[in-house]
Undergrad: 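Let me begin by handing over the structure; questions about it come next.
Note on naming: letters A, B, ... go to the chains in the order of the sequence lines (proteins, then strands), and numbering restarts at 1 for each one. Computed from a predicted structure; not experimentally measured.
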Number of protein chains: 2
Amino acid sequence: MNREPTERQKFLLALVVHEYVRTAMPVSSLTLVEQYKLDMSSATVRNELAALTEMGYLRQPHTSAGRVPTEEGYRFFVGRLMQETALPDSMRHTITHQFYQMGTDVEQWMRLAASVLAHQSRAASLVTAPHPERARLKHLELISTRGRQVLMVLVIVGGEIRQRILTLSEPVPQEKLSEVADRISRQLQDRDADSIRALRSHFDGLAYDILGYVIDDLYKTERTISGEIFTDGLTNVLAEPEFSNSEEARRALRLLEERTLLQELLARTVFATNAVGGVQVLIGGEGTWEDLRQSSLLLTRYGVPGQATGTLGVLGPMRMAYGRTISTLRFLAGLLSDLVAETLVEDEHHTN
Amino acid sequence: MNREPTERQKFLLALVVHEYVRTAMPVSSLTLVEQYKLDMSSATVRNELAALTEMGYLRQPHTSAGRVPTEEGYRFFVGRLMQETALPDSMRHTITHQFYQMGTDVEQWMRLAASVLAHQSRAASLVTAPHPERARLKHLELISTRGRQVLMVLVIVGGEIRQRILTLSEPVPQEKLSEVADRISRQLQDRDADSIRALRSHFDGLAYDILGYVIDDLYKTERTISGEIFTDGLTNVLAEPEFSNSEEARRALRLLEERTLLQELLARTVFATNAVGGVQVLIGGEGTWEDLRQSSLLLTRYGVPGQATGTLGVLGPMRMAYGRTISTLRFLAGLLSDLVAETLVEDEHHTN
DNA sequence: ATTTAGCACTCTAGCGGGTAGAGTGCTAAA
DNA sequence: TTTAGCACTCTACCCGCTAGAGTGCTAAAT
């Protein structure tokens with residue numbers, strides 16, 4: 001069933017996908033000939049479409065309807081036929097400019113990335129903040145609040161900040177707290193949880209206790225996929241005809257709402273089937289994700305591998321402008337990677 | 001058209017609302033008699049329903065259909081007829097317990113609040129974090145990163161934390177930075193932006209510069225309605241029949257997605273028409289909000305007025321279980337207010 | 001060996017008519 | 001004032017029909 005299509009068949013398959021993405025209606029042989037001024041008759045096209053249908057790349061909603069790509073068809077298109085629609089240079093510049101103008105606020109970057117992705121792909125986007133794979137201590141601060149309660153602020157290499165309220169066994173004056181925090185900051189700077197645990201025994205009572213919380217928090221930082229998942233363009237997917245019945249829409253949106261589902265998905269998808277230049281393409285849920293049966297999910301990682309990475313994703317109908325979406329993803333991933341690299345270099349420099 | 005209904009008419013109006021909320025189908029006179037074992041005939045009910053229709057509280061989708069509440073009908077119901085469905089004690093305890101178990105992480109509180117609200121109301125919920133009306137400095141930290149770049153961490157009374165990267169005119173060693181931060185923290189603790197601005201001239205070069213950023217950030221904190229708006233239960237509203245056509249669904253969800261719209265709404269709604277014990281009830285967009293024509297929005301504030309407050313909201317179809325939703329809102333607002341008050345007291349105590 | 005014109009065939013979307021039933025409003029009696 | 005009874009209205013649904021879109025196949029043309 002899946003023998004290699006001829007060149008002409010591949011060409012026609014690409015046209016069918018393109019046309020179907022554009023119109024959301026089954027594509028007929030005559031439409032193709034007229035729309036793309038093909039140098040052959042509709043009968044010839046019909047024969048070829050019949051062959052593609054035989055091979056499993058197209059299907060007919062019913063006997064007297066045009067053709068629609070199957071999941072297999074989309075996969076073949078994305079993997080073998082698609083040419084990326086490069087973003088116009090002006091657009092790239094505008095976007096780059098926006099990011100650099102935004103300063104160094106990670107949260108703003110994430111919102112902007114989500115917004116750009118949603119706009120360009122006309123689908124729902126999701127972005128996770130860059131997340132250190134090994135959380136290393138950059139700075140510790142202890143602030144006395146009331147009695148035995150202390151606010152612990154943990155600055156992690158890369159800029160992430162964690163806060164937490166501790167309850168100590170007895171009240172400790174601010175001077176003492178500052179002194180301990182300062183000692184820990186200086187002596188354990190740039191160390192990760194494991195390393196701090198090994199050195200913990202060198203510290204006395206209060207510092208020893210505090211380090212317990214620090215280690216705990218560093219581990220927590222490594223474990224959580226990311227504090228927050230930024231999304232945008234949810235309403236885009238509701239606008240698509242395949243989600244007009246709203247039951248399908250719910251299925252898809254549930255993913256974006258239930259972070260646990262999403263995290264599982266992200267975790268399992270790192271090793272996904274269809275990858276184009278670092279972009280994972282999940283079409284129709286790949287038979288595994290019931291809720292995504294009608295949808296496609298594109299994912300890519302950005303950042304500096306081994307140090308801090310995050311995820312960019314687009315969720316939309318299977319009938320999606322893969323070319324434009326993938327190249328947007330790639331462009332944004334590159335841009336964000338540069339930004340992350342720069343902040344890491346800054347930290348690095350500080351270390352030496 | 002709006003003369004006062006008789007007692008019996010009010011009673012029947014309440015029944016119609018109740019029944020329609022339950023079934024989402026037009027309510028007939030016979031249904032009412034049977035469902036609620038009324039001590040009168042369907043003909044009598046019919047006469048009363050006709051009167052209520054005349055008054056504008058009910059309408060008929062077509063001649064031979066049952067009755068459906070109008071916006072006016074819902075307003076009358078909420079304002080005059082509704083009895084709140086108190087949450088069962090066991091539920092209150094469970095929820096309270098969850099909050100106290102969660103510790104002092106504000107973000108977790110918000111997520112939990114959004115989740116509880118969405119569940120209880122079976123609609124979409126939105127929650128903004130408690131936000132100080134006057135941002136007062138609690139603690140300042142300056143951390144050298146690379147060359148002239150410095151990470152400024154601002155802890156604000158109430159627990160909020162802001163971070164920002166500054167670029168100084170020349171490199172400054174960490175010791176000097178710490179000393180300046182420490183001096184500022186000690187001397188300007190608990191002061192707000194205005195107060196710090198007045199005292200700024202007492203400080204020398206570096207500290208003076210830094211204070212500029214501090215003042216700026218404090219103002220920013222006061223201006224932003226809240227860093228983040230937490231939502232949950234978006235898929236609940238998609239499940240409602242009135243949103244099955246997806247165009248309506250988009251309109252409603254757009255509000256929750258576009259934070260600017262939402263902020264405008266929150267700002268203008270503080271002075272809204274229909275308020276029940278602190279809960280603002282916006283029915284059918286009150287003629288102003290085109291996107292909410294089919295929806296109702298319930299809002300309430302929580303926190304300590306004049307110090308730190310936040311907003312709780314529920315967005316759902318006009319056909320909503322107002323009783324349960326409002327009492328849930330009230331309960332949660334009280335709970336969160338207590339929590340906020342406690343953290344404020346802690347800070348207060350620390351001050352003395 | 002392909003390509004293509006021609007044509008019979010199939011299936012859907014849409015329309016009109018016809019019907020059952022739900023629910024009303026009204027009238028007249030209780 | 002309530003209620004039984006009934007005529008009336010409107011919808012939802014089913015049915016059959018038709019126009020048209022698009023196919024697959026066959027046989028001729030290249």
Undergrad: If dA28(C) has a Watson-Crick or G-U wobble mate with both distances under 3.5 Å, name it; if not, just say none.
TA: dT3(D)
Undergrad: Salt bridge (Lys or Arg N to Asp or Glu O under 4.0 Å) between Arg59(A) and Glu71(A): does it pass, once the steps are laid out?
TA: CA-CA 10 Å; Arg59(A) 63 184 181 83; Glu71(A) 291 184 29; over 6 Å; no
Undergrad: Have a look at Ser42(B) and say if it touches a base, only the backbone sugar-phosphate, or nothing, with a 4.0 Å heavy-atom cut-off.
TA: nothing
Undergrad: Can Lys37(A) and Glu34(A) be said to form a salt bridge (Lys or Arg N to Asp or Glu O under 4.0 Å), step by step?
TA: CA-CA 5 Å; Lys37(A) 310 216 193 314; Glu34(A) 287 177 348; over 6 Å; no
Undergrad: The side chain of Ser28(A) lies closest to which of these nucleotides: dT4(C), dG24(D), dG22(D)?
TA: dG22(D)
Undergrad: Would you tell me whether Gln9(B) and Glu48(B) have side-chain atoms, one donor and one acceptor, within less than 3.5 Å of each other?
TA: yes
Undergrad: Side chain of His62(B) only, please: which of dT24(C), dT4(C), dT11(D) is the nearest?
TA: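 Within the option list, the nearest is dT11(D).
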Undergrad: dT2(D), OP1 or OP2 - any side-chain N/O from Arg8(B) closer than 4.0 Å?
TA: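 Checking dT2(D) against Arg8(B), a side-chain N or O does come within under 4.0 Å of OP1 or OP2.
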Undergrad: Check whether any side-chain nitrogen or oxygen of Gln60(A) sits under 4.0 Å from OP1 or OP2 of dG24(D), and answer yes or no.
TA: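 Checking Gln60(A) against dG24(D): at least one side-chain N or O falls below 4.0 Å of OP1 or OP2.
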Undergrad: Name the closest nucleotide to the Thr63(A) side chain, picking from dC11(C), dG25(C), dG24(D).
TA: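 The answer is dC11(C).
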Undergrad: Would you say Thr44(B) reaches dT3(D)'s phosphate, i.e. side-chain N/O to OP1/OP2 under 4.0 Å?
TA: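 Thr44(B) to dT3(D) OP1/OP2: side-chain N or O found under 4.0 Å.
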Undergrad: Indicate whether OP1 or OP2 belonging to dG5(D) is found under 4.0 Å from a side-chain N or O atom of Arg46(B).
TA: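 Answer is no, no contact under 4.0 Å.
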Undergrad: Could you state the CG-C1' distance from Leu30(A) to dT4(C), rounded to the nearest angstrom?
TA: 14 Å
Undergrad: Strictly below 4.0 Å: does Arg67(A) bring a side-chain N or O up to OP1 or OP2 of dT23(D)?
TA: yes
Undergrad: Return whichever of Pro26(A) or Asn47(A) has its heavy-atom-nearest nucleotide of DNA chain D closer to the 5' end.
TA: Pro26(A)
Undergrad: What I want to check is whether an N or O donor and acceptor connect the side chain of Ser64(A) with the base of dC11(C) at under 3.5 Å.
TA: yes
Undergrad: Is there a Watson-Crick or G-U wobble partner for dG17(C) with both distances under 3.5 Å, and which nucleotide is it?
TA: dC14(D)
Undergrad: For Gln83(A), does the CD atom have more than 12 heavy-atom neighbours from other residues, nucleotides or ligands under 6.0 Å away?
TA: no
